[in-house]
Amino acid sequence: MQEKYTPAAIESAAQQHWDSQRSFEVAADPSRPKYYCLSMFPYPSGKLHMGHVRNYTIGDVLSRFHRMKGYNVLQPMGWDAFGLPAENAAIKNKVPPAKWTYDNIDYMKQQLKSLGFAIDWSRELATCTPEYYKWNQWLFLRMLEKGIAERKTQVVNWDPVDQTVLANEQVIDGRGWRTGALVEKREIPGYYLKITDYAEELLGDLNELEGWPERVKLMQANWIGKSTGVRFAFTHDIADENGLIGDGHMWVFTTRADTIMGVTFCAVAAEHPLASHAAKNNPELAAFIEKCKLGSMMEADMATMEKEGLPTGLSVTHPLTGEPVEVWVGNYVLMSYGDGAVMGVPAHDERDFAFAKKYGIPIKQVVAVADNAYSLDAWQEWYGSKDGVCFHSGKYDGLGYEAAVEAIAADLSAKGIGEKKIQWRLRDWGVSRQRYWGCPIPIIHCDDCGSVPVPDDQLPVVLPEDCVPDGSGNPLGKREDFLNVDCPCCGKPAKRETDTMDTFVDSSWYYARYASTFSADSMVDTETGYWMTVDQYIGGIEHAILHLLYSRFWTKVMRDLGLVNYREPFAHLLTQGMVLNNAFFQKPEGGGKNYFWESEIDLQRDAKGQITGATLKADGSALEHELTTMSKSKNNGVDPQSLIEQYGADTARFFMMFAAPPEQTLEWSDAGVEGAHRFLRRIWSFGHGFAAELRGLIGGERQLDGTKLPDDLATLRREVHLLLKQANYDLGKQQFNTVASACMKMLNALEKAPRDTALAAEVIEECFGILLRVLSPITPHIAHTLWQELGYGDEILAASWPEPIDAALVQDEVELVLQVNGKLRGAVRVAAESSRSDIEAAALASEAAVRFMEGKPARKVIVVPGRLVNIVC
RNA sequence: GCCCGGAUGGUGAAAUCGGUAGACACAAGGGACUUAAAAUCCCUCGGCGAAAGCUAUGCGGGUUCGAGUCCCGCUCCGGGCACCA
């Protein structure tokens, strides 16, 4: 056995061993319990980053732990291979996205292998391969047949210079990222998946997901956003050349029907038919509407922008009072939510209040809350409260929120212009992307037959892999060989759809494909039934809503099509915190941020080492900094490669687990890695130092007799078994940082232990065997090698997980904390099985108690068994 | 702006059910070994104080014998906001 710990050598040897044994290739085996452990697959951006190392180490720890617990463990890996960065790289380097992507996959796969993850590589998949995306297309066609997919108009960011659609990410301060041109909103056709049809089930089934963090379920519930309210119409006789607009009804939705008597205006979206009609003879309004159409599509921008409006000059009729109500166009009203119109009740809605104050619209209080006086001076929290009663509301006066809503809904319903309605915040999922590097939408456009689905036997529609996007629109639009096709209905020349699918489609079902046998004839097969559902899913908290919601939806669609028999894909979810690092930037005049690498700058720090400023090495100019997620675009990623090369995979893995609990954000710091490596060196030299003794001991049928141990060895053994108990508890909580520290404590104890007797060697043999096994999921290479070298066995993978021995844990005496009036004043030692009154007596008699009680009688003595005694006097 | 989290020494963090705050590490300082360095090992290490002790878990209140942990009100930081993945 080598004296020196040489991670490079032992890690490649261990990896070769696992490779040659095919240790991690698994098959369905109904006789054994299965554990499907899935980490979110990476986007092949070029190199692994620290977030990946963190994510996959967590998954690997859980996989290896469960394997030693006796489970049949599946841990697959693949590539979320379609997406925008490949096109950006193509624009920059003139390399086809396909080549860039496949090259990145090759490199990153080798990186993953060097980290020693227990992955079944025989199930590797990449979403950009036709064998995979064929089934995106196939399922999309089934959704079309069932009416789950439909074609309607969508609003996109349009760059008028490049004549191309931009992602939100490519719009910086309202301008195109490459051209700097003001971005416009444009309506174009696209496909939507009716996720709203599943809203009720997606919401309800959250209750079944006991293994999900509450906060994720809460976020999803809020996102789905079920609200019960009233949809009703303001009537009018506004007509254009086609007759009454909207049949003389302007529909609105409100959750506050109880405030209907306080309506003093209505607001409609810029795209609303009444707005368009009013703009015809009103150039100022037409200009305002154009301006609204320029604005951002993003909800955050909508919510923070200045609320503006302009009157249309039109009025509609209040459904209950019959009074005329002015109609305004508001830039904050969304055509895509509800009916694109809202009622304005300034007295009881904060936004309406601000709007009314700004434009001098009357404010009419119609809800009163006891002991509060209404004033128009400033908005008060209680104005929006549902706790009050109707007021100034005629027949509804005195009714509380619920009674008022019921009464008003009933009256509106009687007039035939309103009803109670459930409204969802969730919108349908627009899946069309005007991009090249994605899964082609399998549709053919024929002048005669319209939009025709590609027949199943012509799937997949294969994406040509040699295009190089240049930023001026989808290159598929110029590919005659892709575009031109005969119409499947009439046989006449037709054109293929050039839109591709949202990449969230790719990631909505990959877990099911891993679990099946990659058949060319079916999306999923019977093997899926054994492995699914995923027992443990691990990924970044940033996916808490969209990816997870789309996957849940997709699963339910597959179930309705009879493809799978489960209703939820992921039983347990671990949302790892993000890995953060400082990012340094300057703000150029055109807007946006220019990021610099830390190597390009000089840092200024205060006496405590906190960063106070930064300057660019090149010209000394000042930089701003922010603590943010590691990302390619921010030049603040730390490449794990150098870490692996310098210290080895085990050190990188140990440090990642030790640095913070998995759910917490992890602020990157180079320091600390050294400590992890030092620990592994100590483990190695401890093993090396005892190699001869341990080899002699291991292997026999001998069982350590704990009753004959001298005190120091009994204490050591007790300490290690106690640490094992804690480590097992923490593994159950998925708190791996304290598992790592338990291992460190075990080694600390072992190093201090006496080692000069045969009995000592026996205890150390048992304890070190525990330590190696607890450590093995985190640092598998060193644990594997020491296990073998010391003769514990051939395969630590095949060893069973250690459990603490109760007899080793007992102790005769315990030390209790002594408090007087809640303050720590000392300690009392008592026999472990002392009664409450014995403990009280011992505490009261102690020197510290006498001293701090200052002669006062004890009014109360609180005894917490095994913990403390508190004397109140 | 809205929804969801988080905040504990110089740093990362621990504290299982409301019961010794700072385990385990990193950094720093001191020492041993060494011709020297590296490595390794030992000691100190929240603040104030000579000590007794006091004080301390982002800020301000509250509940409790006892609060990092529970409640109310803030501040700052992170994630998401539907075309980044």
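The structure displayed is predicted, hence computed values, not measured ones. Throughout, protein chains are lettered first and strands after them, A, B, ... in sequence-line order, and every chain is numbered starting at 1.
- Note on A/Thr304: a base of the nucleic acid sits closer than 4.0 angstrom, heavy atoms only.
- Across B/rG9 and B/rG68, the matching C1' atoms stand 14 Å from one another, rounded to whole Å.
- Atom CD of A/Gln664 and atom P of B/rA13 are 5 Å apart (whole Å).
- If you check every strand for non-hydrogen atoms under 4.0 Å, A/Asp730 touches nothing.
- For A/Ala300, the listed nucleotide lying nearest its side chain is B/rC81; candidates were B/rC81, B/rC4, B/rC84.
- Within 4.0 Å (heavy atoms only), A/Leu818 reaches no atom of the nucleic acid at all.
- Atom P of B/rU75 sits at a distance of 15 Å from the matching atom of B/rG60, rounded to the whole Å.
- B/rC81 and B/rG10 have their P atoms separated by 36 Å, given to the nearest Å.
- Within residues 679-687 of chain A, the residues approaching RNA chain B are A/Arg681, A/Arg682, by heavy-atom distance under 4.0 Å.
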**Message:** Pairs counted only when both distances fall under 3.5 Å, Watson-Crick or G-U: show me the 5' to 3' dot-bracket for RNA chain B, [ ] for pseudoknotted crossings and | for other-strand partners.
**Reply:** (((((((..(((......[....))).(((((.......))))).(((....)))..(((((..]....))))))))))))....
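- If you take atom C1' in B/rG58 and the same atom in B/rG46, they sit 16 Å apart, rounded to whole Å.
- Taking every side-chain heavy atom of A/Lys733 into account, B/rU16 is the closest of B/rG1, B/rU16, B/rC4.
- Annotated as syn: B/rG9, whose O4'-C1'-N torsion sits within 90° of 0.
- Close to B/rA14, at under 4.0 Å from its OP1 or OP2, lies a side-chain N or O of A/Asn737.
- Remark: A/Phe679 pairs with A/Phe654 by the ring-ring contact (aromatic ring centres under 6.0 Å, His included) rule, at least two apart or across chains.
- At the heavy-atom level, A/Gln735 lies under 4.0 Å from the strands shown only through sugar-phosphate atoms.
- Cation-pi check for A/Lys307 over A/Phe355 is not met; the charged atom does not lie both under 6.0 angstrom from the ring centroid and within 45 degrees of its normal.
- Under the 3.5 Å distance criterion, the side-chain polar atoms of A/Asp162 are left unmatched by any main-chain donor or acceptor of A/Gly473.
- For the pair A/Phe736 CZ and B/rA13 C1', the computed distance is 17 Å after rounding to whole Å.
- Among residues two or more places apart in sequence or in another chain, the ring-ring contact (aromatic ring centres under 6.0 Å, His included) test is passed with A/Phe686 by A/Phe690, A/Phe768.
- Salt bridge status for A/Lys194 with A/Asp428: absent, with no side-chain N to carboxylate O gap under 4.0 Å.
- Across B/rU35 and B/rC45, the matching C1' atoms stand 32 Å from one another, rounded to whole Å.
- Between A/Gln726 and B/rC24 there is no side-chain N or O to OP1 or OP2 distance below 4.0 Å.
- Residues meeting the ring-ring contact (aromatic ring centres under 6.0 Å, His included) test with A/Tyr133, sequence neighbours left out: A/Phe82.
- Scanning for side-chain contact (heavy atoms from CB on, under 4.5 Å) contacts around A/Thr101 gives A/Pro44, A/Ala81, A/Ala86, A/Ile105, A/Cys128, A/Trp437, with sequence neighbours left out.
- Base orientation of B/rC70: anti (glycosidic angle beyond 90° from 0).
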Polar-atom pairs under 3.5 Å, protein N or O versus N or O of nucleotides 51-62 of chain B: list them with distances, or write none.
unit_1: B/rA52; atom_1: O3'; unit_2: A/Arg851; atom_2: NH2; d: 3.3
unit_1: B/rA52; atom_1: O2'; unit_2: A/Arg851; atom_2: NH2; d: 3.4
unit_1: B/rG53; atom_1: OP1; unit_2: A/Arg851; atom_2: NH1; d: 3.3
unit_1: B/rG53; atom_1: OP1; unit_2: A/Arg851; atom_2: NH2; d: 3.3
unit_1: B/rC54; atom_1: OP1; unit_2: A/Arg825; atom_2: NH2; d: 3.2
unit_1: B/rC54; atom_1: OP2; unit_2: A/Arg825; atom_2: NH1; d: 3.4
unit_1: B/rU55; atom_1: OP2; unit_2: A/Lys823; atom_2: NZ; d: 2.9

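- Annotation: B/rG30 and B/rG18 have their C1' atoms spaced 41 Å apart (nearest Å).
- Here A/Arg256 does not pair with A/Asp349 in a salt bridge; the nearest charged N to carboxylate O distance is not below 4.0 Å.
- Toward the 5' end of RNA chain B, the nearer of the two residues A/Pro661 and A/Asn821, judged by each one's closest nucleotide, is A/Pro661.
- Using a distance-only test at 3.5 Å, with no hydrogens or angles considered, no donor-acceptor pair links the side chain of A/Arg433 to the main chain of A/Thr503.
- With both ends at atom P, the span from B/rA36 to B/rA51 equals 36 Å, rounded to whole Å.
- Interface residues of residues 860-870 of chain A facing RNA chain B, ordered by number: A/Ile862, A/Val864, A/Arg867, A/Leu868, A/Asn870; criterion, heavy-atom separation under 4.0 Å.
- Looking at heavy-atom distances under 4.0 Å, A/Val673 makes no contact with the nucleic acid at all.
- Using a cutoff of 4.0 Å between basic side-chain nitrogens and carboxylate oxygens, A/Arg425 and A/Glu299 are scored as salt-bridged.
- Listed pair A/Asn222 / B/rC81 fails the phosphate criterion, with no side-chain N or O lying under 4.0 Å from OP1 or OP2.
- Side-chain rings of A/His688 and A/Tyr5 stay apart, their centers remaining 6.0 Å or farther from each other.
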**Asked** What is the per-nucleotide protein-contact pattern of nucleotides 27-32 of chain B, from the 5' end, where B denotes a base atom under 4.0 Å from a protein heavy atom, S denotes such proximity for sugar-phosphate atoms only, and - denotes neither?
**Response** S-----
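- Among residues two or more places apart in sequence or in another chain, the side-chain contact (heavy atoms from CB on, under 4.5 Å) test is passed with A/Ala149 by A/Phe140, A/Met143, A/Leu144, A/Leu193.
- Every residue meeting the ring-ring contact (aromatic ring centres under 6.0 Å, His included) condition with A/Tyr510, not counting sequence neighbours, appears here in chain and number order: A/Phe41, A/Tyr514.
- Residue contacts for A/Glu663: at a heavy-atom cut-off of 4.0 Å it reaches no nucleic acid atom on any strand shown.
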**Request:** Sugar-phosphate atoms are those with a prime plus P, OP1 and OP2; base atoms are the rest. Using that split, label each nucleotide of nucleotides 67-80 of chain B B, S or - for protein heavy atoms under 4.0 Å, 5' to 3'.
**Result:** -----------SBS
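- For CD of A/Glu3, the number of neighbouring non-hydrogen atoms (other residues, nucleotides, ligands) closer than 6.0 Å is 12 at most.
- Ring geometry for A/Trp429 versus A/Tyr550: interplanar angle under 30°, hence parallel rather than tilted (30 to 60°).
- Note: CZ (A/Arg54) to P (B/rA13) measures 9 Å, nearest angstrom.
- The separation of B/rG61 from B/rG47, taken at their P atoms, amounts to 25 Å, rounded to a whole angstrom.
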